[in-house]
*Asks:* 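Handing you this structure, nothing more for now.
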Amino acid sequence: GCAVTQPKPPEVDLPATPAPTAAQLALLERWWLAFDDPALVALVDEALAGNLDVASAFTRIELARAQVLLAQSYLYPYGNLVVGASRSRISGVGSTPLPAGTPLISNNYSVGIELGYELDLWGKYRSGTLAARNELAASRYFRESVRAAVASDVASAYFRLRAADAELRLLEDTLKSREDTVRLQRDRFDGGVIGEYDLRQAEAERWAVVANIARARQGVGLLEGALATLAGRPPREVYAPIVARAGPSGPMLSVPELPADLPSGLMERRPDIRRAEALLAASELRVQQARAAYYPSISLTAAYGSESAALADLFTSPASVWRFGAALLQPLIGLKGIEANVQSSEAIRDQAIVGYRQTVQAAFREVHDALVVHRTAREILAAESARRDQLASALEVANLRYDAGRTSFLEVLDAQRQLLSAETQRIAAARDTQIAIVSFARALGGGWEPATL
């Protein structure tokens, strides 16, 4: 009845899924390798090694490890070496006269070893030790959660940066065509072919592209700073970040495929769920530890050493002293305090149960959303690509119609705006497709290696 065992998490209604295979687990542990982008791999590795949030999580592990050692220390006897020396004087005046020649000043020297041990009959210290071990495991899972989040944040920011680069290149190319259009319209205006309205519309469209270029450069700069911070670089490099990326082929050209039959059971290995389980087990053990305070504690003590009034006689046989004993301590008056501590521990345990259920629920919600986005992102990209091609053809027709004098310049401007918008949306769709893969891999518990624990 006094045995201490590892508590099990509560049952939750999970969908039936096959167990993940070793190949599937290996695929998710370093999922960013699937993108075949050396710059991305280098950034993720740099962030996992230098990110300050990861470093902070590691210090929590060190603290939890120290708490385990402290809890384990109560399971073993303690021993102390006691060395003492004192000099005292007694009063020569009292109700009972002292014998003649009694010295008023005396010395006392002692040396010995004291031993003590509290019998853990009710599992108070064993529960505390096992709870501390679970809290240590929770701190390790927390670090792995941070590492997985850092890897996905780096990848997401990297793909946003690639998309911002592509958009900036698109706008710069568009600006060249807008400037050519302005020059052409000015020549036509000077020749009396068109009115001032068409010229001003062309100039306004050029300035709109100039403004968008400034916004794109702003986005690139902010994303570079974010990546430098995620990588844990020093302030000098965060202030003037240099972030390497793949060539200017465009982010939409390298979107990997993840297997469509990955079981959602993979998510049960997520470090946040493991952490919630460990915290729940620790809270249940803390309740057992608090309840053990109701029962008596039995302590064994022993001491052996020497005591003498003269230092020269301290290590002689007549100076040896020893004692041993046992004590039983049963709380009588402070039971309300123990009850309050038990109720507090039970409330923390109940919070941990709710937190565990919330973590599992949120995890399955993330998997559901990631699957939905992952399945539809490629369809969106394909549709945006087709739309872009159709609008490019429409712009060619609009230019022909305008050159033939069959329509106004407003039709050309509208076709140019729509094509630019479609090309921008195509870049965004490609970015979202890659980020969907990142979210999908993270939701299924990717980005950490259980073997490291």
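As a basis for the values below, the full set of heavy atoms in this structure was taken, side chains included, without hydrogen atoms, waters or symmetry mates.
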*Asks:* As an exercise, state the distance from CG of Asp180 to CZ of Arg178, rounded to the nearest 0.5 Å.
*Replies:*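 Answer for the CG-CZ pair, Asp180 versus Arg178, is 10.5 Å.
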*Asks:* Just wondering, more than 12 heavy atoms not from Leu222 lying within 6.0 Å of its CG?
*Replies:* yes
*Asks:* Side chains of Phe364 and Thr359: closer than 4.5 Å at any heavy-atom pair?
*Replies:*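 The answer is no; the side chains never approach within 4.5 Å.
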*Asks:* Where do Arg388 and Leu419 come nearest, in terms of heavy atoms and distance?
*Replies:*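 Scanning both residues, the minimum pair turns out to be O-CD1, 3.6 Å.
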*Asks:* Restricting to non-hydrogen atoms, name the atom on Tyr117 and the atom on Tyr76 that form the minimum distance, rounded to 0.1 Å.
*Replies:*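 So the minimum-distance heavy-atom pair works out to CD1-C, 3.8 Å.
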*Asks:* Is the shortest heavy-atom distance from the side chain of Thr433 to the side chain of Arg431 under 4.5 Å?
*Replies:*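 When only atoms from C-beta onward are counted, Arg431 and Thr433 do not touch, as no gap falls below 4.5 Å.
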*Asks:* If you measure from the Lys or Arg side-chain nitrogens to the Asp or Glu carboxylate oxygens, is any gap between Glu62 and Arg65 under 4.0 Å?
*Replies:* yes
*Asks:* Apply salt bridge (Lys or Arg N to Asp or Glu O under 4.0 Å) to the pair Arg169 and Glu172, showing each step before the final yes or no.
*Replies:* CA-CA 5 Å; Arg169 289 191 297 271; Glu172 289 173 344; over 6 Å; no
*Asks:* Could you tell me whether Arg245 and Glu224 make a salt bridge, using a distance below 4.0 angstrom between a side-chain N and a carboxylate O?
*Replies:* yes
*Asks:* Please report the C-alpha distance between Glu396 and Arg401 in whole Å, then the side-chain angles of each, then the deciding distance to 0.1 Å, and finally whether the salt bridge (Lys or Arg N to Asp or Glu O under 4.0 Å) criterion is met.
*Replies:* CA-CA 9 Å; Glu396 293 178 0; Arg401 287 166 56 84; over 6 Å; no
*Asks:* Check the pair Asp120 / Lys124 against salt bridge (Lys or Arg N to Asp or Glu O under 4.0 Å), numbers first and verdict last.
*Replies:* CA-CA 6 Å; Asp120 190 24; Lys124 177 172 63 176; over 6 Å; no
*Asks:* Assess whether atom CZ of Arg417 is packed by more than 12 heavy atoms of other residues, nucleotides or ligands within 6.0 Å.
*Replies:*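 Result for CZ/Arg417: enclosed.
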*Asks:* For Glu203, is there an ion pair with Arg206 - N to carboxylate O distance below 4.0 angstrom?
*Replies:* no
*Asks:* Would you sort out whether Trp32 and Asp45 count as a side-chain contact (heavy atoms from CB on, under 4.5 Å), showing the intermediate values?
*Replies:* CA-CA 10 Å; Trp32 51 89; Asp45 290 342; 4.2 Å; yes
*Asks:* Could you measure the distance from the OG atom of Ser139 to the CZ atom of Phe58? Nearest 0.5 Å is fine.
*Replies:* 10.0 Å
*Asks:* Hey, does Val438 have a side-chain heavy atom less than 4.5 Å from the side chain of Trp31?
*Replies:*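 Heavy-atom side-chain distance check passes, below 4.5 Å.
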*Asks:* Out of Arg270, Arg442, Gln361, which residue meets the side chain to side chain donor-acceptor pair (under 3.5 Å) rule with Glu366?
*Replies:* Arg270
*Asks:* Any heavy-atom pair between the side chains of Glu339 and Tyr294 that's under 4.5 Å?
*Replies:*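 Contact flag for Tyr294/Glu339 side chains = yes.
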*Asks:* Hey, what's the ring geometry for Tyr295 with Trp122, parallel, tilted or perpendicular (30° and 60° as the breaks)?
*Replies:* tilted
*Asks:* Looking at Ser439 and Ala436, would you say the former's side chain and the latter's main chain have a donor-acceptor pair under 3.5 Å?
*Replies:* no
*Asks:* Counting distance only, does the side-chain N/O of Ser344 pair as donor-acceptor with the main-chain N or O of Ala340 below 3.5 Å?
*Replies:* no
*Asks:* Give the C-alpha distance, both sets of side-chain angles, the deciding distance and a yes or no for side-chain contact (heavy atoms from CB on, under 4.5 Å) between Val83 and Leu81.
*Replies:* CA-CA 7 Å; Val83 179; Leu81 174 64; 4.2 Å; yes
*Asks:* Could you go through the salt bridge (Lys or Arg N to Asp or Glu O under 4.0 Å) check for Asp153 and Arg147 one step at a time?
*Replies:* CA-CA 10 Å; Asp153 289 345; Arg147 284 170 55 87; over 6 Å; no
*Asks:* For Val412 and Ala398, work out which heavy atoms get closest and say how close.
*Replies:*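 Taking Val412 first and Ala398 second, the nearest heavy atoms are CG2-O, 3.6 Å.
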*Asks:* Are the side chain of Ser299 and the backbone N or O of Glu118 linked by a donor-acceptor pair below 3.5 Å?
*Replies:* no
*Asks:* Given the rule in the side-chain contact (heavy atoms from CB on, under 4.5 Å) test, do Glu205 and Gln201 qualify, once you have shown the distances and angles that lead to the verdict?
*Replies:* CA-CA 6 Å; Glu205 195 66 22; Gln201 285 287 339; 5.7 Å; no
*Asks:* Compare all side-chain heavy atoms of Ile348 with those of Arg286 and state whether any distance is below 4.5 angstrom.
*Replies:*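 No, too far: nothing below the 4.5 Å cut-off.
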*Asks:* Could you tell me which non-hydrogen atom of Gln6 sits nearest to which non-hydrogen atom of Asn134, and how far apart they are?
*Replies:* NE2-OD1, 2.7 Å
*Asks:* How long is the span from the CG atom in Leu285 to the OG atom in Ser127, to the nearest 0.5 Å?
*Replies:* 5.5 Å
*Asks:* For Val41 and Arg30, work out which heavy atoms get closest and say how close.
*Replies:* CG1-NH2, 4.3 Å
*Asks:* Quick one: pull up CG in Leu199 and CZ in Phe189 and give me the separation to the nearest 0.5 Å.
*Replies:*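 One gets 6.0 Å once the value is rounded to the nearest 0.5 Å.
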*Asks:* In the structure I gave you, are the side-chain heavy atoms of Leu75 and Arg126 within less than 4.5 Å of one another anywhere?
*Replies:*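 The answer is yes; the side chains approach within 4.5 Å.
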*Asks:* Does any part of the side chain of Glu46, heavy atoms only, come nearer than 4.5 Å to the side chain of Leu43, both counted from C-beta?
*Replies:*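 A side-chain contact exists here, since the closest heavy-atom pair is under 4.5 Å.
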*Asks:* Are Glu144 and Arg140 ion-paired here, with the side-chain N under 4.0 Å from a carboxylate O?
*Replies:* no
*Asks:* Is the shortest side-chain N to carboxylate O distance from Arg162 to Asp37 below 4.0 Å?
*Replies:*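 Result for this pair is yes, salt bridge flagged.
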*Asks:* Do the side chains of Glu277 and Lys8 get close enough for a salt bridge, i.e. N-O under 4.0 angstrom?
*Replies:*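 No salt bridge links Glu277 with Lys8.
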*Asks:* Find the distance between CG (Leu40) and CG (Leu161) and round it off to the nearest 0.5 Å.
*Replies:*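 Rounded to the nearest 0.5 Å, the CG-CG separation comes out at 11.0 Å.
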*Asks:* Quick one, Ile338 and Leu335 - any side-chain contact, counting heavy atoms below 4.5 Å?
*Replies:*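 They are in contact (side-chain heavy atoms under 4.5 Å apart), so the answer is yes.
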*Asks:* So which heavy atom on Ile298 is nearest to which on Leu328, and how close?
*Replies:* CG1-CD1, 4.1 Å
*Asks:* Rounded at 0.5 Å granularity, tell me how far CG in Asp198 sits from OG1 in Thr181.
*Replies:*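 So the gap between those two atoms works out to 12.0 Å.
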*Asks:* Please verify the inter-ring angle class for Phe35 with Phe159; under 30° counts as parallel, over 60° as perpendicular, anything in between as tilted.
*Replies:* tilted
*Asks:* Answer yes or no: is there a donor N or O on one side and an acceptor on the other, between the side chain of Asn51 and the main chain of Ala231, under 3.5 Å?
*Replies:* no
*Asks:* Please evaluate residues Asp165 and Val220 with respect to the criterion side-chain contact (heavy atoms from CB on, under 4.5 Å), reporting the C-alpha separation (whole Å), side-chain torsions for both, the decisive distance (0.1 Å), and the verdict.
*Replies:* CA-CA 7 Å; Asp165 288 338; Val220 169; 3.7 Å; yes
*Asks:* Assess whether atom CG of Asp36 is packed by more than 12 heavy atoms of other residues, nucleotides or ligands within 6.0 Å.
*Replies:* no
